[in-house]
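A short write-up of the structure that comes next.
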Amino acid sequence: MSTLAIELEIPDALDVHVSEDTLSVEFNDGRTISVPLDWYPRLSHATEQERSNWRIIGKGHGIHWEDLDEDISVEGLLVGAPSGESQSSFKKWLEARQDGHA
């Protein structure tokens, strides 16, 4: 069996747009990637104001939503990886929001 090794340069995130059903991220290499918002349950359950409160982290290698305690990596977006948060963790977060603690 042979192995192909490819070195990839990960682009930096420049801008983020969140609609009712889509997360779109613009990169410094000219690409824009859009994924279903349902891939990220915290964003899906967030208000418009919470969704708009994001910042670029890690010198462009991730996006952070302070109000939601949500981090999404550029690498994860590029490979098409939805949230890795467990159902039990998300359930606790959602219950805390409903109780007014988040």
Side-chain angles (χ1 to χ4, degrees):
M1 175 190 280
S2 63
T3 304
L4 177 62
I6 300 174
E7 190 171 321
L8 299 176
E9 186 172 324
I10 305 296
D12 296 335
L14 296 178
D15 201 7
V16 176
H17 303 279
V18 185
S19 71
E20 286 298 314
D21 61 359
T22 306
L23 169 65
S24 298
V25 180
E26 296 177 24
F27 299 98
N28 67 340
D29 65 358
R31 282 184 280 181
T32 299
I33 293 181
S34 297
V35 298
L37 200 60
D38 287 343
W39 282 14
Y40 305 100
R42 290 186 184 208
L43 284 174
S44 181
H45 285 81
T47 66
E48 186 176 333
Q49 183 177 357
E50 290 170 326
R51 291 176 185 162
S52 66
N53 185 22
W54 56 269
R55 64 183 171 94
I56 303 292
I57 58 173
K59 298 181 181 177
H61 289 246
I63 307 148
H64 177 70
W65 283 264
E66 185 71 32
D67 300 336
L68 305 171
D69 192 25
E70 178 73 277
D71 295 305
I72 297 176
S73 72
V74 166
E75 189 173 351
L77 285 168
L78 293 172
V79 299
S83 174
E85 182 173 21
S86 71
Q87 285 295 318
S88 62
S89 173
F90 175 68
K91 184 178 177 182
K92 286 179 189 176
W93 176 83
L94 195 55
E95 288 171 353
R97 277 178 69 83
Q98 292 168 347
D99 292 341
H101 295 70

For the residue pair [X] and [Y], establish whether any side-chain heavy-atom pair is separated by less than 4.5 Å.
X: H61; Y: D12; result: yes
X: L23; Y: I63; result: no
X: D67; Y: R42; result: no
X: L78; Y: R31; result: yes
X: W65; Y: V18; result: yes

Problem set entry | Closest non-hydrogen atom pair between V74 and P11, with its separation | CG1-O, 3.3 Å

Exercise. Nearest heavy-atom pair of P41 and F90: which atoms, and what distance?
Worked result: CB-CE1, 3.4 Å

For this session: Carefully, step by step, assess V25 and I72 under the rule side-chain contact (heavy atoms from CB on, under 4.5 Å).
Result: CA-CA 11 Å; V25 180; I72 297 176; over 6 Å; no

For this session: List for me each residue that meets side chain to side chain contact (heavy atoms under 4.5 Å, CB included) alongside W39, sequence neighbours excluded, and say none if there are none.
Result: V35, P36, P82

Exercise. S24: what forms a side chain to side chain contact (heavy atoms under 4.5 Å, CB included) with it, not counting sequence neighbours?
Worked result: H17, T22, T32, S34

For this session: Using the test side-chain hydrogen bond (donor to acceptor under 3.5 Å, both in side chains), find all partners of D69 that sit at least two apart in sequence or belong to another chain.
Result: none

Exercise. For the hydrophobic clusters of this structure (ILVMFWY residues joined by side-chain heavy atoms under 4.5 Å, transitively), does one cluster hold both Y40 and L94?
Worked result: yes

Exercise. Is I56 reachable from I10 through a run of hydrophobic residues whose side-chain heavy atoms are each under 4.5 Å from the next?
Worked result: yes

Looking at [atom1] of [X] and [atom2] of [Y], how far apart are the two atoms once the value is rounded to the nearest 0.5 Å?
X: S44; Y: E20; atom1: OG; atom2: CD; value: 9.0 Å
X: N28; Y: D15; atom1: CG; atom2: CG; value: 12.5 Å
X: I57; Y: S73; atom1: CD1; atom2: OG; value: 9.0 Å
X: D71; Y: E66; atom1: CG; atom2: CD; value: 9.0 Å

Exercise. Within a radius of less than 6.0 Å around CD of E85, do more than 12 heavy atoms belonging to other residues, nucleotides or ligands occur?
Worked result: yes

Problem set entry | Cationic N near anionic O, under 4.0 Å, R51 to E70 | no

